[in-house]
Each structure stands twice: as structure tokens, then as C-alpha cells.
Protein chains: 2
Amino acid sequence: MSLNRIIGYQLVQAGIVTGANFMHGVGKPYKLRPVEFTILQLIRETPHISPTTLAKTLAMTTPSMTAWLDKLSKRKLLMREKSVSDGRGQKLALTASGSALVEKALADLLESEAMLLAHLSLGEREMLLEILQKITAEKT
Amino acid sequence: MSLNRIIGYQLVQAGIVTGANFMHGVGKPYKLRPVEFTILQLIRETPHISPTTLAKTLAMTTPSMTAWLDKLSKRKLLMREKSVSDGRGQKLALTASGSALVEKALADLLESEAMLLAHLSLGEREMLLEILQKITAEKT
DNA sequence: TATTGTTATACTCTATAACTATA
DNA sequence: TATAGTTATAGAGTATAACAATA
């Protein structure tokens with residue numbers, strides 16, 4: 001029996017390809033680590049999301065998330081706003097430049113992934129996303 | 001447009017699930033990091049594979065691979081043999097205990113992944129592996 | 001000259017523990 | 001007591017550069 005039957009291994013191998021594609025098309029041009037791009041995009045999709053929720057979504061600890069938010073905040077890409085309803089919490093928001101940057105970055109990434117995966121049929125790409133989301137739904 | 005359409009993001013999210021499954025079923029019981037398990041299994045599948053080939057397969061540098069091989073070697077799970085045909089190179093081999101360990105670990109992992117993905121149909125699992133391998137084939 | 005592998009080194013990323021503030 | 005977030009700290013994993021040995 002072989003690694004080829006291990007989903008986790010195949011996910012990593014495919015991730016090497018998409019990761020390299022990300023670095024070339026978005027990471028280097030925009031000076032964004034994958035996690036930084038993801039944080040910005042998640043805030044864009046869910047305004048007022050909290051650091052704790054972000055940390056859970058990306059399977060990291062809150063101190064790690066604090067460090068990433070510090071970096072992005074220093075670059076004026078996002079802002080921390082105090083929650084009114086709960087004085088302990090924060091609501092994250094993109095700055096205008098953060099919003100503009102992530103919007104362009106996402107468009108570039110969609111385009112470069114489309115190029116990268118052009119040899120897959122439309123059905124295959126849809127099927128892939130669907131199955132991956134089913135697996136992700138197992139997240140505890 | 002959303003992260004849900006980004007294959008790289010969905011791969012990471014699914015990887016969080018399979019990674020947690022690996023840690024629970026194999027990583028902790030056998031005290032193996034994912035990369036360590038993968039190295040052992042790749043040697044098992046390709047006896048006499050070289051450190052350089054392993055490093056390329058796993059998208060890491062040779063100094064990093066040296067460190068992992070040192071660790072596994074100290075645990076007597078593998079051996080470095082000098083290549084006869086090329087005095088610069090090495091041929092990696094599993095020890096008896098390394099071979100036994102990775103064989104059991106792989107069986108456990110296959111079983112725990114089968115449980116984890118029981119909600120996917122057989123066709124979905126086959127389709128997933130097939131598409132991921134097509135993406136991996138893009139590796140440069 | 002190019003390649004294989006190692007050593008030395010520093011940097012990035014991470015987690016744990018201890019803390020503050022609020023609920 | 002529990003939760004949100006930060007700070008301090010140490011450890012894991014990484015890459016780059018310099019090296020030795022062989023091709």
C-alpha cells in the first residue's frame with residue numbers, strides 16, 4: 001500500500017503546487033504570506049470578525065494571530081476596533097488600502113489559479129471544491 | 001468573490017482536518033511528525049532513494065532534509081548507505097524496526113482516514129485522489 | 001565546473017504560560 | 001469563573017551561505 005492512497009499526502013502535494021503558484025502570482029508581488037492574504041480576505045468576507053474566530057478558522061493560537069494582526073496593522077491594511085457590546089472583544093476591519101489590496105490580490109489569484117488548473121475540466125474543478133468542502137465540514 | 005473559490009485555500013482547510021486526523025491516529029502514538037512519516041514511507045516505496053530526491057519531493061532544502069534524516073537515523077529507523085556508483089550520493093534504507101513501524105503506521109492511517117471520510121462516496125474519494133494527482137503533476 | 005551532502009547560522013513561525021481586562 | 005486579547009519566552013522548522021568530497 002502506498003502514500004498515493006493517503007488523502008493527507010495528496011493534499012500536501014497539491015498544496016505544494018498551489019502554494020508555489022500563490023507565491024509567484026500574489027505572495028511576492030503584494031508581499032503577503034499566504035496566511036496574511038487569507039486573514040485580509042476573511043475580514044473582507046466577514047466584517048467585524050474577531051481575532052479569536054480568525055485563529056480558530058486558521059487552526060492557530062491567539063498569540064500567533066495577534067502577531068499577524070500586528071504586522072498587517074503596522075502596514076495600515078487593517079484596524080482593530082473595540083467591540084461595544086463586549087468590552088473584551090475586537091472587531092476587525094480593513095482600511096481602504098487593505099481593501100483595495102486584497103481585492104486586486106484575489107482577482108490575480110483567481111486568474112493565476114485558473115491558468116494553473118486549465119488542464120482540469122470545469123466539472124473536475126467544481127467537484128474538487130465540493131469534495132474539499134465536505135472534508136472541511138469535519139472540522140471540530 | 002470569495003475564498004471558497006480558491007483551490008489553495010480549500011486545500012489548506014481540508015489539510016487542517018486530515019492533519020488533525022494524522023496527529024491523533026499516527027503522529028502521537030508513533031511519535032512521528034507528518035514529514036517523518038512521509039520520509040519513511042517514501043523510502044519504503046522507493047528503496048535506495050537519495051536525500052536530494054526526498055528533499056525535492058517534499059519541497060524542502062537539503063539542509064532541512066539532513067536534519068530530519070539525522071533524527072530518524074538516531075532513532076534507528078533508517079540508515080544512510082554510501083552509493084557505490086556515485087561516491088557523492090547516499091542510498092537510504094529502512095532498518096527492520098523502521099520498516100515495521102511505518103508499515104503499522106500506514107495501516108493505521110488508512111483506517112483512520114477511511115473513518116474520517118466515511119461520509120464521502122467511494123466515487124468521490126477516487127475522484128478526489130485523481131484530481132489531486134493531476135494538480136500534483138504540475139509540480140516543476 | 002557542477003552536484004551531493006553537511007555544518008553553521010540566523011530568521012520565521014509557532015505554542016505555552018502568565019498576565020490584564022471584561023463578562 | 002470563564003472569555004478575549006496581549007506579552008514574554010522558548011522551541012521547532014526553515015532557508016541561505018560556506019564548505020568538503022566527488023563527478
Side-chain angles (χ1 to χ4, degrees), chain A residues 12 15-16 19-20 22-24 27-28 30-40 42-43 46-75 78-93 140, chain B residues 12 15-16 19-20 22-24 27-28 30-40 42-43 46-75 78-93 140:
Chain A
V12 167
I16 291 173
F22 171 88
M23 283 318 267
H24 179 265
K28 282 188 186 175
Y30 293 92
K31 300 204 191 310
L32 286 176
R33 310 254 55 185
V35 63
E36 293 178 310
F37 166 76
T38 306
I39 289 168
L40 294 176
L42 284 171
I43 297 173
T46 310
H48 304 326
I49 194 172
S50 72
T52 298
T53 301
L54 275 182
K56 280 177 187 155
T57 302
L58 301 180
M60 57 170 58
T61 59
T62 51
S64 294
M65 183 55 63
T66 295
W68 287 116
L69 294 175
D70 283 349
K71 278 194 183 184
L72 293 168
S73 179
K74 275 175 192 156
R75 284 173 67 180
L78 61 79
M79 290 178 312
R80 292 166 157 115
E81 296 166 354
K82 253 205 160 173
S83 169
V84 201
S85 51
D86 185 337
R88 299 168 301 181
Q90 291 176 2
K91 296 184 172 189
L92 298 170
T140 46
Chain B
V12 168
I16 290 172
F22 171 88
M23 283 316 264
H24 179 263
K28 281 188 186 175
Y30 293 92
K31 298 204 193 308
L32 287 176
R33 309 254 59 189
V35 64
E36 294 178 309
F37 166 77
T38 305
I39 288 169
L40 294 176
L42 284 170
I43 297 173
T46 310
H48 305 326
I49 194 172
S50 72
T52 298
T53 302
L54 274 184
K56 279 176 188 156
T57 302
L58 301 181
M60 57 171 59
T61 61
T62 51
S64 293
M65 184 54 64
T66 295
W68 287 115
L69 295 176
D70 283 349
K71 278 193 182 182
L72 293 169
S73 180
K74 275 174 192 157
R75 284 174 68 180
L78 60 80
M79 290 179 311
R80 291 163 157 115
E81 296 165 355
K82 254 204 160 173
S83 169
V84 201
S85 52
D86 185 336
R88 299 168 300 181
Q90 292 177 2
K91 296 183 171 187
L92 298 170
T140 47

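Below, chain A is the first sequence line, B the second, and so on; all start at residue 1.
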Sugar-phosphate, base or nothing in reach of [X], heavy atoms under 4.0 Å:
X       : answer
A:Lys91 : nothing
B:Ser83 : nothing
A:Thr52 : sugar-phosphate

Task: B:Ser50 and B:Thr52 side chains, donor-acceptor separation under 3.5 Å - done: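 Checked: B:Thr52/B:Ser50 side chains show no N/O donor-acceptor pair below 3.5 Å.
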Looking at every heavy atom in both [X] and [Y], which two are closest together, and how far apart are they?
X       : Y       : value
A:Arg75 : A:Tyr30 : NH2-O, 3.2 Å
A:Ile39 : A:Met65 : CD1-SD, 3.7 Å
B:Gln90 : B:Pro51 : OE1-CG, 3.5 Å

Task: Pairwise side-chain contact, B:Thr38 with B:Arg33, heavy-atom cut-off 4.5 Å (strictly under) - done: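 No; the side chains remain at least 4.5 Å from each other.
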Open item on the list: Could you check whether any side-chain heavy atom of A:Met60 comes within less than 4.5 Å of a side-chain heavy atom of B:Ile16, counting everything from C-beta outward?
Closed with: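 Contact flag for A:Met60/B:Ile16 side chains = no.
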TODO: Walking along DNA chain C from 5' to 3', note the first and the last nucleotide with an atom under 4.0 Å from a heavy atom of chain B, and give both.
DONE: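 In short, chain B contacts DNA chain C from C:dA2 to C:dT7.
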Task: Base versus backbone protein contacts along nucleotides 14-23 of chain D [heavy-atom cut-off under 4.0 Å; B, S, -] - done: SBBB---BBS
Open item on the list: Quick test of your reading of the model: are A:Asp70 and A:Arg80 salt-bridged, counting only N-O distances below 4.0 Å?
Closed with: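 Looking at A:Asp70 and A:Arg80, the cut-off is met.
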Task: Exam field: side chain A:Thr46 to backbone A:Ile49, donor-acceptor pair closer than 3.5 Å - done: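 No, the answer is negative, given that no donor and acceptor are paired below the 3.5 Å cut-off.
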